[in-house]
Amino acid sequence: KNKRGVLGSRLAMHAAGSEIRLEDTVQATESDPHSAVTDEGDVEAFVLAGSVRVLPPKKAKAKKVRARRVRFLDDEIQRRRNICLIACGVCLLFLAVLAFSTSLAVHIVERRRGEPILVPGTGKGDHIADDLPGGGDADKPENELEAGDAARSDRTSYLAQETFTLGLWVNTVGFPARGRKVLTYPAFVCGHTWGLLMENMSGEAGNAVITGTSVRQAGSDMMCVADFSSVTTPGAYRVAVAGIGASASFRIGDGVYMPALRSAITALQLARCGTDIEAARDAGVASRKSGEPFGHAKCHAGATIKDAFVFGEDGEVASYRDARGGWHDGVDYSKNVVSTSFAAALLMRAWDDFADVLACTKLSSSPSEVRAQSLEADVVEEARWGLQWLLTMQDSATGRVLHHVAPQLSTPRNALPEQEVSLRAVSTWSTSATASFIAAAAHGARIFDALDPAFAATLRAAAATSSAALHQSPGEVRPTFPEGAVYSSRIPYLDFASCSARQELALRAWAAAEMLATFGDSSPHATMPELEASLRALSGLVGNSSVTAAAQSSCPREPRPHDATLSVLSAETDWFEPANLAALRYLGLGTGAGRDPALVEVIEGELTMLADHLAATSAHDQYLRSTGAWTKQGTHGELARDSLILHAAKRLRQRTDVASAQAYAHAMQSAVNHLLGHNEFGRSFVTTIGRRPPQYPNHLPSIHDGEAWPGMLVAGPNPEWEDTHKYASRDGDALPISLGNDVSIILQASLIHLLAAVGSGTGGACT
């Protein structure tokens with residue numbers, strides 16, 4: 001029997017006369033059937049199941065050595081196992097003591113402060129009467145204590161001593177007086193006492209004007225929420241959470257987003273090409289550190305109009321063109337018809353939907369060569385600036401629209417626009433540029449009918465001419481540059497060229513919808529049956545289902561959740577996915593336009609279903625984003641453009657489903673919150689706005705000045721990019737080459753639409 005008590009094991013025995021002594025405790029004799037006696041000298045006998053094997057001395061010795069080694073290993077394993085068990089026990093004991101000490105410390109602090117001892121997760125507790133000023137106020141009804149009496153003020157005054165922490169996430173600009181106002185923070189257990197503190201003129205926090213206990217965010221296991229939406233008194237505030245810290249300062253009141261909206265429009269103005277431009281001095285827009293306003297001199301201003309050369313179909317230079325105007329787009333001084341049309345369309349849609357808000361965005365000193373005194377808002381003026389450049393890219397004889405303008409030589413990374421002196425090249429025409437141009441020009445004609453009839457007539461005629469050209473080219477025509485014509489790493493995919501059959505079809509549907517909205521039944525080359533046929537055809541081309549191998553590499557589309565449940569609409573709204581613009585314009589044509597009721601029902605159903613999904617995603621996401629955890633290059637733009645869907649659905653259901661309409665409004669407010677500080681980094685993503693805004697946007701004038709130009713929304717960090725962590729770094733954000741710090745005119749127009757949407761009806765934009 002071995003030490004584990006198993007019978008049948010081998011036992012070593014030494015011969016000793018007529019008997020065998022086993023470990024000096026067991027004797028074996030001839031009468032014992034499990035033992036044997038030998039007189040052959042120095043041998044070892046091994047007993048196994050009642051039989052005896054007698055081994056030669058050498059083999060017996062080797063067996064004995066192996067047995068000793070096995071016993072040694074067993075002992076060593078057991079010894080180490082015991083050490084591990086002891087270590088684990090010590091660690092568990094230490095953690096238990098630490099947890100108990102922390103709990104005891106919190107208990108003592110809460111008692112000394114006179115706050116309720118909270119039961120985690122319930123928000124309930126017992127007031128400590130002896131610790132309250134005056135002693136007997138614990139019997140006073142809780143609602144009276146919450147009414148702002150002296151006892152409550154004393155009892156919550158300790159919250160003003162909490163210091164700032166990044167762990168409390170809030171919109172660092174502020175909230176409209178009538179909007180939803182929340183702060184969130186991560187914690188295993190909610191139920192912490194929080195207070196909203198009003199700051200004085202010196203930025204010092206006073207006593208809490210409202211207190212509460214945090215609750216678990218719906219759909220989250222880690223996030224706690226403090227909701228102070230009931231507060232409408234204008235002023236500067238911060239939120240303090242007992243035992244955790246205080247948030248960044250923010251404001252509550254009407255017009256709280258006006259500086260951000262004016263700065264966003266100013267960013268587009270400063271991107272103008274071919275003119276002297278200077279930011280407004282007295283409209284809440286940041287100036288340079290030197291005190292001088294941001295701006296640049298006239299760029300691409302040669303002695304002749306030979307600013308850019310145009311290639312013919314044979315690859316040779318066919319003509320020269322004055323390509324000045326429009327906005328410098330992205331991270332260089334290139335310009336593109338599709339992106340300009342898309343940005344101008346977002347501006348004009350914002351004016352259609354939120355004219356009451358945008359009418360108060362006038363920048364008092366915003367010089368431009370084409371300023372029209374009859375315009376009521378600078379957002380319309382910026383749309384005019386973009387439309388005027390689009391007209392220069394049209395071949396007035398054929399109606400075809402050239403696609404892209406790019407520098408011939410590399411632009412230095414620290415060059416101002418006026419320092420870009422090389423000739424530029426213009427690509428050949430494309431059907432995507434022509435369709436985008438038609439949609440923007442037709443929309444602009446309606447906008448300017450009352451503001452500038454002559455300009456409206458020019459746009460209407462140009463849209464009709466290009467509509468004929470597009471009708472004559474039923475197949476896709478992609479733009480080209482002769483090899484070696486330009487220097488740009490972005491040119492190989494010719495920015496904003498069609499990257500899928502769905503995009504080409506959606507662009508044509510968008511153009512047809514805008515033409516019908518402008519011309520009605522007399523629309524040239526655009527009829528209601530053709531438009532509806534195009535919209536129905538989109539259902540067979542969801543996402544990138546018809547993408548060529550060459551185009552797929554240039555298409556930045558990342559499938560977004562909920563795409564599979566849609567047919568006409570798309571979960572994305574972007575230059576490469578314009579179907580939503582076509583569908584929303586179709587819905588806006590009205591019942592008198594001869595629309596198909598069945599198709600209208602399908603699109604309205606998809607619209608409400610998509611809006612419900614966006615609102616639910618926003619409500620359950622840990623950062624309250626309608627995009628959730630889904631990311632792509634330029635996620636911030638997609639987050640802002642969700643306001644197109646949410647606002648359209650809100651307008652559709654505001655009379656029949658008030659709760660859903662309110663959920664859509666909350667999702668749009670949450671998007672603004674995220675972009676202005678309610679995020680994992682606790683910082684704003686709009687330059688010069690809010691707390692810790694981006695310092696190093698991928699923007700050549702900012703790189704030249706060594707400081708960020710105002711009002712630019714950056715693309716945002718992406719988990720797939722290695723530099724994401726730099727957003728939380730001490731220096732503020734990533735290096736200028738970061739994709740997360742890219743800027744573009746589409747990002748700007750998206751931000752303007754979102755800020756106007758949130759300001760509409762809440763007092764959040766106008767003062």
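- A donor-acceptor contact shorter than 3.5 Å is absent between the side chain of Ser473 and the backbone of Leu470.
- Contact annotation: the side chain of Met348 approaches that of Leu387 to within less than 4.5 Å [non-hydrogen atoms, C-beta and beyond].
- Geometric assessment of Arg272 against the ring of Trp327 yields a negative cation-pi assignment under the 6.0 Å and 45° thresholds.
- Across all non-hydrogen atoms, the minimal contact from Val686 to Leu713 is CG2-CD1, 4.1 Å.
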Take Ile752 and Leu268 through the side-chain contact (heavy atoms from CB on, under 4.5 Å) test and state the conclusion after the steps. CA-CA 10 Å; Ile752 291 169; Leu268 272 182; 3.9 Å; yes
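- When atom types are taken as modelled, the side chain of Asp395 and the backbone of Arg400 share no donor-acceptor pair closer than 3.5 angstrom.
- Leu358 places a side-chain heavy atom less than 4.5 Å from the side chain of Leu261.
- Under the 6.0 Å cut-off for aromatic ring centres, Phe294 and Trp709 qualify, their centroids lying closer than that.
- Across all their heavy atoms, Ala442 and Glu514 have their closest contact at CB-O, 3.7 Å.
- A donor-acceptor contact closer than 3.5 angstrom is absent between the side chains of Asn698 and Asn741.
- The two residues Leu507 and Ser436 have their closest heavy-atom pair at CD2-OG, 3.4 Å.
- The shortest non-hydrogen separation linking Asp642 to Ala571 is OD1-O, 4.4 Å.
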Evaluation steps, side-chain contact (heavy atoms from CB on, under 4.5 Å), between Leu531 and Leu589: CA-CA 12 Å; Leu531 169 59; Leu589 293 177; 4.3 Å; yes
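- Between Leu754 atom CG and Leu639 atom CG the span is 7.0 Å, to the nearest 0.5 Å.
- Here the closest heavy-atom approach between residue Ala582 and residue Ala506 is recorded as CB-O, 4.2 Å.
- The backbone N or O of Ser618 sits nowhere less than 3.5 Å from a side-chain atom of Ser626 that would complete a donor-acceptor pair.
- Listed here is the closest heavy atom pair of Ser427 and Leu402: O-CD2, 3.6 Å.
- At a threshold of 4.5 Å between non-hydrogen side-chain atoms, the residues Val405 and Asn336 do not count as touching.
- No donor-acceptor pair under 3.5 Å is formed between the side chain of Asp742 and the backbone N or O of Val714.
- Tyr333 is not listed as a side-chain neighbour of Cys273, based on a closest heavy-atom distance of 4.5 Å or more.
- Phe455 carries Arg384 over the face of its six-membered ring, with the cationic atom under 6.0 Å from the centre and within 45° of the normal.
- Residues Ser466 and Gln394 have side chains that bring a donor and an acceptor to within less than 3.5 angstrom of each other.
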Does Phe448 form a side-chain contact (heavy atoms from CB on, under 4.5 Å) with Val380? I'd like the steps, not just the answer. CA-CA 9 Å; Phe448 288 95; Val380 180; 3.7 Å; yes
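- One finds the CD atom of Glu382 at 10.5 Å from the CD1 atom of Ile745 (value rounded to the nearest 0.5 Å).
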Test salt bridge (Lys or Arg N to Asp or Glu O under 4.0 Å) on Asp352 and Arg585 and set out the steps. CA-CA 11 Å; Asp352 286 337; Arg585 181 58 65 203; 3.7 Å; yes
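- Under 3.5 Å, the side chains of Arg653 and Tyr664 contain a donor-acceptor pair of N or O atoms.
- Using cut-offs of 30° and 60° on the angle between ring planes, the pair His636 and Phe685 is tilted.
- Side-chain N or O atoms of Arg595 include one that pairs as donor or acceptor with a backbone N or O of Leu587 at under 3.5 Å.
- Put simply, CZ on Arg508 and CD on Glu530 are 11.0 Å apart, with the number rounded to the nearest 0.5 Å.
- Using the six-membered ring where Trp is involved, Phe354 and His753 have ring planes that are perpendicular, over 60° apart on the 30 and 60° scheme.
- For residues 517-526, the set of pairs meeting the side-chain hydrogen bond (donor to acceptor under 3.5 Å, both in side chains) definition, not counting sequence neighbours, comprises Arg446-Thr518.
- Taking CD1 of Ile645 as the reference point, atom CE of Met609 lies at 11.0 Å (rounded to 0.5 Å).
- In the model, Glu504 has a side-chain atom that pairs as donor or acceptor with a side-chain atom of Thr431 under 3.5 Å.
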Evaluate the side-chain hydrogen bond (donor to acceptor under 3.5 Å, both in side chains) criterion for residues Thr573 and Arg641: first the C-alpha distance (whole Å), next the side-chain angles of each, then the deciding distance (0.1 Å), finally the verdict. CA-CA 7 Å; Thr573 304; Arg641 288 189 296 277; 6.0 Å; no
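- Checked for salt-bridge contact, Arg536 and Asp596 meet the test: a charged N lies under 4.0 Å from a carboxylate O.
- A donor-acceptor contact shorter than 3.5 Å links the side chain of Glu606 to the backbone of Val568.
- Side-chain contact between Leu390 and Ser341: present, with at least one pair of heavy atoms (C-beta onward) separated by less than 4.5 Å.
- The closest donor-acceptor contact from the side chain of Asn580 to the backbone of Glu572 lies under 3.5 Å.
- For the side chain to side chain contact (heavy atoms under 4.5 Å, CB included) criterion with Leu538, the lone passing option out of Leu505, Leu566, Leu569 is Leu505.
- Counting only distance, with no hydrogens or angles, the side chain of Thr434 and the backbone of Val401 share a donor-acceptor pair below 3.5 Å.
- Inter-residue side-chain proximity for Val672 and Leu755 is flagged as met; some heavy-atom pair is nearer than 4.5 Å.
- In this structure, the side chain of Lys335 does not engage the main chain of Thr340 through any donor-acceptor pair within 3.5 Å.
- Glu532 places no side-chain N or O within donor-acceptor distance of the main-chain N or O of Thr527, the cut-off being under 3.5 Å.
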Should Lys650 and Asp353 be marked as a salt bridge (Lys or Arg N to Asp or Glu O under 4.0 Å) after you check the CA-CA gap, both sets of side-chain angles, and the distance that decides it? CA-CA 12 Å; Lys650 176 187 173 185; Asp353 294 338; over 6 Å; no
Check the pair Leu391, Phe437 against side-chain contact (heavy atoms from CB on, under 4.5 Å), reporting the backbone distance first and the verdict last. CA-CA 8 Å; Leu391 290 172; Phe437 170 86; 3.9 Å; yes
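- Residues satisfying the side chain to side chain contact (heavy atoms under 4.5 Å, CB included) test with Val173, not counting sequence neighbours, are Asn171, Val256, Tyr257, Leu676, Ile689.
- No side-chain heavy atom of Thr617 sits under 4.5 Å from any side-chain heavy atom of Trp630.
- Atom OG of Ser643 and atom CZ of Arg349 lie 10.5 Å apart (nearest 0.5 Å).
- A heavy-atom distance below 4.5 Å is found between the side chains of Leu644 and Leu346.
- Between the side chains of Ser430 and His403, at least one donor N or O sits under 3.5 Å from an acceptor N or O.
- Expressed to the nearest 0.5 Å, how far CE of Met393 lies from NE2 of His404 amounts to 9.0 Å.
- Looking at Ser744 and Asp329, their side chains never bring a donor and an acceptor atom within 3.5 Å of each other.
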